[in-house]
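In what follows, a structure is listed as structure tokens, so that the remarks can point back to it.
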Protein chains: 2
Amino acid sequence: MPSFPELDDFIDRLRQTGHRVTMERMHLFREVYNQHGHLDAEALLEALKAKGRKISRATLYRNLELLAELGFVRKHRLGGNRYLYEHVHPGQRHDHIVCGRCGRVAEFVSPAIVAMQREIARAHGFDPEVHTLQIHSQCLDCGDG
Amino acid sequence: MPSFPELDDFIDRLRQTGHRVTMERMHLFREVYNQHGHLDAEALLEALKAKGRKISRATLYRNLELLAELGFVRKHRLGGNRYLYEHVHPGQRHDHIVCGRCGRVAEFVSPAIVAMQREIARAHGFDPEVHTLQIHSQCLDCGDG
DNA sequence: CTCAGTGCAAACGATTTGCAAGCTA
DNA sequence: TAGCTTGCAAATCGTTTGCACTGAG
């Protein structure tokens with residue numbers, strides 16, 4: 001199984017935190033990092049199954065939670081009923097804009113908006129350093145007008 | 001049952017759109033408009049029950065959906081697993097900042113952020129006129145440091 | 001050899017739906 | 001009366017959990 005820097009980081013973190021390095025975790029991690037964009041649990045499960053990597057739904061959810069705790073993935077509720085997961089991009093913080101109809105998600109980076117988030121958080125008793133933002137809109141070609 | 005302007009509007013809209021004016025709808029509407037802030041279905045159900053207004057869970061959900069369609073309430077998924085509903089305030093558009101720990105929600109109005117939402121929506125093929133925004137943060141006193 | 005991790009299936013919580021009965025128009 | 005609405009209970013959907021088995025260390 002080919003290795004890559006983030007996978008090695010992950011393995012180190014697992015050891016540091018007293019977790020075991022299991023096949024399931026390796027496969028899941030690779031899948032999350034090889035995919036672009038935002039994936040739900042079902043999509044990951046299918047992708048893994050398609051590659052012959054068996055992993056149960058329970059283990060998938062448990063490990064997505066672990067990956068989030070260890071800071072390797074972010075878990076978003078971008079509308080809809082399911083969580084979407086994305087691997088953390090080193091450095092570039094981005095936010096999301098989502099179509100309320102079809103669920104399409106686009107990423108954007110806006111330092112100006114980040115600055116405002118901080119200010120608003122501060123003004124309302126929230127931690128200015130912890131914040132993610134999402135915009136709910138509608139695709140132009142997604143109907144309604 | 002005392003009347004108020006929004007309730008009359010609601011009744012008119014019901015008739016215009018070929019819906020019936022039922023007791024359940026009147027009670028739910030009053031409850032939603034008499035409460036401040038963001039309510040979930042369960043809270044509304046209990047509030048109504050406490051006042052002796054019987055309404056079934058199914059009817060509650062069906063009518064919250066109707067209220068949203070008719071533009072009297074907004075339905076938000078502010079994190080968590082349940083939807084929160086709030087009655088539409090005439091005029092003042094606001095957005096939300098939510099604590100990822102305790103779920104506390106604060107409202108804010110920021111014309112500057114609204115302007116940026118428009119721009120970002122436009123830049124990514126979304127409708128600049130349709131957008132709501134939410135910030136996910138953490139209460140300062142809600143732990144973590 | 002031990003206990004964290006896994007798979008399975010059952011449990012869960014919020015919301016939705018099918019159907020017979022009730023009530024508005 | 002006609003058929004939109006309601007209530008009830010069962011069904012869904014995504015996610016979580018209990019428990020006995022498996023495998024990493």
Side-chain angles (χ1 to χ4, degrees), chain A residues 1 7 10-29 31-32 38-49 52-70 73-85 100 103, chain B residues 1 7 10-29 31-32 38-49 52-70 73-85 100 103:
Chain A
M1 142 154 23
L7 182 58
F10 177 45
I11 293 175
D12 289 348
R13 286 286 279 134
L14 283 175
R15 296 207 163 110
Q16 287 166 21
T17 53
H19 290 95
R20 294 183 177 173
V21 179
T22 65
M23 274 310 206
E24 291 78 4
R25 283 174 179 159
M26 297 302 100
H27 290 323
L28 172 58
F29 191 89
E31 194 57 43
V32 171
H38 315 80
L39 303 153
D40 60 33
E42 203 56 35
L44 281 164
L45 205 56
E46 279 168 26
L48 286 163
K49 187 167 299 177
R53 319 302 200 200
K54 316 161 201 296
I55 183 174
S56 72
R57 208 174 302 269
T59 297
L60 178 81
Y61 278 109
R62 283 188 278 236
N63 281 312
L64 283 171
E65 212 54 40
L66 178 61
L67 285 173
E69 280 165 25
L70 297 184
V73 312
R74 281 208 247 158
K75 180 182 175 184
H76 300 281
R77 173 84 82 173
L78 297 175
N81 300 314
R82 24 197 190 29
Y83 286 104
L84 296 182
Y85 303 86
Chain B
M1 142 156 20
L7 182 58
F10 178 45
I11 294 176
D12 289 346
R13 285 286 279 133
L14 283 176
R15 297 208 162 111
Q16 287 166 22
T17 53
H19 291 94
R20 292 183 178 173
V21 179
T22 65
M23 274 312 206
E24 290 79 3
R25 284 175 179 159
M26 296 303 99
H27 290 323
L28 172 58
F29 191 89
E31 195 56 44
V32 171
H38 315 79
L39 304 153
D40 60 33
E42 203 55 35
L44 282 165
L45 205 54
E46 280 167 25
L48 286 163
K49 188 167 299 178
R53 319 302 198 200
K54 315 162 203 296
I55 183 175
S56 72
R57 208 175 302 270
T59 298
L60 179 81
Y61 278 108
R62 282 188 280 236
N63 281 312
L64 282 171
E65 212 54 40
L66 178 62
L67 286 172
E69 280 165 25
L70 297 184
V73 311
R74 282 207 249 158
K75 180 182 175 184
H76 300 282
R77 174 84 82 173
L78 297 175
N81 300 315
R82 23 195 191 28
Y83 286 104
L84 297 182
Y85 303 85

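Worth saying up front: this structure is predicted, and the values here are computed from it rather than measured. Sequence lines set the chain letters: A, B, ... in the order given, protein chains first and strands last, and positions in each chain run from 1.
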Handout entry: Per-nucleotide protein contact string for nucleotides 20-25 of chain C (B base, S sugar-phosphate only, - none; heavy atom under 4.0 Å)
Key = ----BS

Might you list the N or O atoms of the protein lying below 3.5 Å from N or O atoms in nucleotides 11-15 of chain C, with each pair's distance?
unit_1 : atom_1 : unit_2 : atom_2 : d
C:dT15 : OP1    : B:Y83  : N      : 2.7
C:dT15 : OP2    : B:Y61  : OH     : 2.3
C:dT15 : O5'    : B:Y61  : OH     : 3.3

Problem - Qualifying residues under ring pair (Phe, Tyr, Trp, His ring centres under 6.0 Å), relative to B:Y85, sequence neighbours excluded - result: none

Fill in the blank from the handout: Sorted by chain and residue number, the side chain to side chain contact (heavy atoms under 4.5 Å, CB included) partners of B:R13 (sequence neighbours excluded) come out as B:Q16, B:T17, B:L70, B:F72

Handout entry: Nucleic acid contacts - residues 62-70 of chain B versus DNA chain C, non-hydrogen atoms under 4.0 Å
Key = B:R62

Problem - Nearest-0.5 Å distance, CZ of residue A:R82 to NE2 of residue A:H38 - result: 13.0 Å

Problem - Rounded distance [0.5 Å steps], CG in B:L66 versus CZ in B:F29 - result: 10.5 Å

Exercise for the section: Please round to the nearest 0.5 Å and tell me the distance separating atom NE2 of B:H27 and atom CG of B:L44. Expected result: 14.0 Å

Problem - Outermost nucleotides of DNA chain D that come under 4.0 Å of a non-hydrogen atom of chain B - result: D:dG3 to D:dC8

Exercise for the section: Apply side chain to side chain donor-acceptor pair (under 3.5 Å) to B:E24 and list each qualifying residue two or more places apart in sequence or on a separate chain. Expected result: none

Practice task
Could you tell me which residues satisfy side chain to side chain contact (heavy atoms under 4.5 Å, CB included) with A:E65, sequence neighbours excluded, listed by chain and number?
Solution key: A:E69, A:K75

Practice task
With sequence neighbours excluded, tell me which residues meet side chain to side chain donor-acceptor pair (under 3.5 Å) with B:N81.
Solution key: A:R77

Practice task
Nearest 0.5 Å please: distance from the CG atom of B:L45 over to the CD atom of B:E42.
Solution key: 5.5 Å

Practice task
Tell me, please, which residues at least two apart from B:K54 pass side chain to side chain contact (heavy atoms under 4.5 Å, CB included).
Solution key: none

Exercise for the section: Specify the separation, in whole Å, of atom CZ of A:R53 and atom P of C:dG7. Expected result: 14 Å

Problem - Residues in side chain to side chain contact (heavy atoms under 4.5 Å, CB included) contact with B:R74, at least two apart in sequence or another chain - result: B:H76, B:E86, B:V88, B:R93, B:T132

Handout entry: Partners meeting ring pair (Phe, Tyr, Trp, His ring centres under 6.0 Å) with A:H19 (sequence neighbours left out)
Key = none

